[in-house]
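Below is one structure, written out as structure tokens, with a few remarks after it.
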Amino acid sequence: MKNTERLANLALAGLTLAPLVVKVDPNLNVILTACLAVYVGCYRSVKPTPPSETMSNEHAMRFPFVGSAMLLSLFLLFKFLSKDLVNAVLTCYFFVLGIIALSATILPAMKRFLPKHWNEDLIIWRFPYFRSFDIEFTRSQIIAAIPGTFFCAWYASQKHWLANNILGLAFCIQGIEMLSLGSFKTGAILLAGLFVYDIFWVFFTPVMVSVAKSFDAPIKLLFPTADSARPFSMLGLGDIVIPGIFVALALRFDVSRGKENQYFKSAFLGYTAGLVLTIVVMNWFQAAQPALLYIVPAVIGFLATHCIWNGEVKPLLEFDESKTAVTSEEGIDDKSSKKVE
């Protein structure tokens, strides 16, 4: 881990805990927390081998429709069923997801203190009556899941804003780290679709805001304010993860070419500028804003301007991580066959 990555992790942890002891301006808190989460997630997404599974153009096109169906379903559930009942079921669901996400987030820091064979030796557990289903894990993952379980139990019992934010940040970091768009074309399709999705559900219907306020689960970050009428500012995890995976792709593109964070800087700067603009407009109109309305054009615009300026539009559009993964696997197979010979 580089010094900048270590500093980003420490800064994110400190900023998350800071409102417990000092007053932090919620607008500044939103911007810094989101940017640090994207930064940490992007660097964690850089792996020795490219991702084996990436999003296709078809999946990217369908994503806004699937998201709309889920959003509308939640809205109807909250409208026709007891809000407490729906949130109780969702709490159980996010309790399990929270353990997985939190343990995966802290695992890299714990690995260095554990025996090597605990990190490498896989344990395979098969379901009693469904032998075809199995789960693979290591002893290190079990150790990491112990604090994750206690933490999620605290969240489920107290629903404290700090517990909500820590779980939300774990989801963000894991989402940016694990999800791969595959190519900038797929990323542009996804961001364009969600750009329209966000505008429609925020400006033309009460659905998005209603679900965000009713949904008592770590799908949003909460930032304490001094206003008793509005005790928290909110930022949806999608406004971090969706642009974040595009920014992470720019970082991996730089790494694949041996360049030092060339396009990552412009994409990350675009994300920061878009988020700042969201906060400015939100405070100006004193109304909820679809963050992707400002973030998507900023991220794509900054990156596009940079690559056009450098005359590198073609290599950027031709970059495909799925093909890189196949090439890497073939290289590994070739090395293995040579060893056998």
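Remark: of the listed residues N164, L162, L169, L162 is the sole one forming a side-chain contact (heavy atoms from CB on, under 4.5 Å) with I166.
Counting non-hydrogen atoms of other residues, nucleotides and ligands closer than 6.0 Å to CZ of F65 gives a total of 12 or fewer. Atom CZ of F150 has 12 or fewer neighbouring heavy atoms from other residues, nucleotides or ligands inside a 6.0 Å radius. Residue-environment remark: CZ (F63) stays at or below the threshold of 12 foreign heavy atoms within 6.0 Å. Within 6.0 Å of the CH2 atom in W161, the count of heavy atoms belonging to other residues, nucleotides or ligands exceeds 12.
Proximity of a side-chain donor or acceptor of D239 to a complementary backbone N or O of L235 within less than 3.5 Å is not detected.
Counting only residues at least two apart or in different chains, side chain to side chain donor-acceptor pair (under 3.5 Å) contacts with residues 188-209 comprise S68-W201. Residue pairs satisfying the ring-ring contact (aromatic ring centres under 6.0 Å, His included) criterion with at least one member in residues 291-317, sequence neighbours excluded, are listed as follows: Y263-H306.
Qualifying side chain to side chain donor-acceptor pair (under 3.5 Å) partners for K79, counting only residues two or more places apart in sequence or in other chains: none. Scanning for side chain to side chain contact (heavy atoms under 4.5 Å, CB included) contacts around T186 gives M55, N57, A60, S183, with sequence neighbours left out. Not counting sequence neighbours, the partners of S45 by the side chain to side chain donor-acceptor pair (under 3.5 Å) test are R252. Listed by chain and number, the residues in a side chain to side chain donor-acceptor pair (under 3.5 Å) with S233 are R230 (sequence neighbours excluded).
Y155 has its side chain out of reach of F95: every pair of non-hydrogen atoms, C-beta onward, lies at least 4.5 Å apart. Side chains of I199 and F204 form a contact here, defined as non-hydrogen atoms less than 4.5 Å apart. Looking at P19 and F223, their side chains never come closer than 4.5 Å, going by heavy atoms from C-beta outward.
When ring centroids are compared, Y43 and Y39 come within the 6.0 Å threshold.
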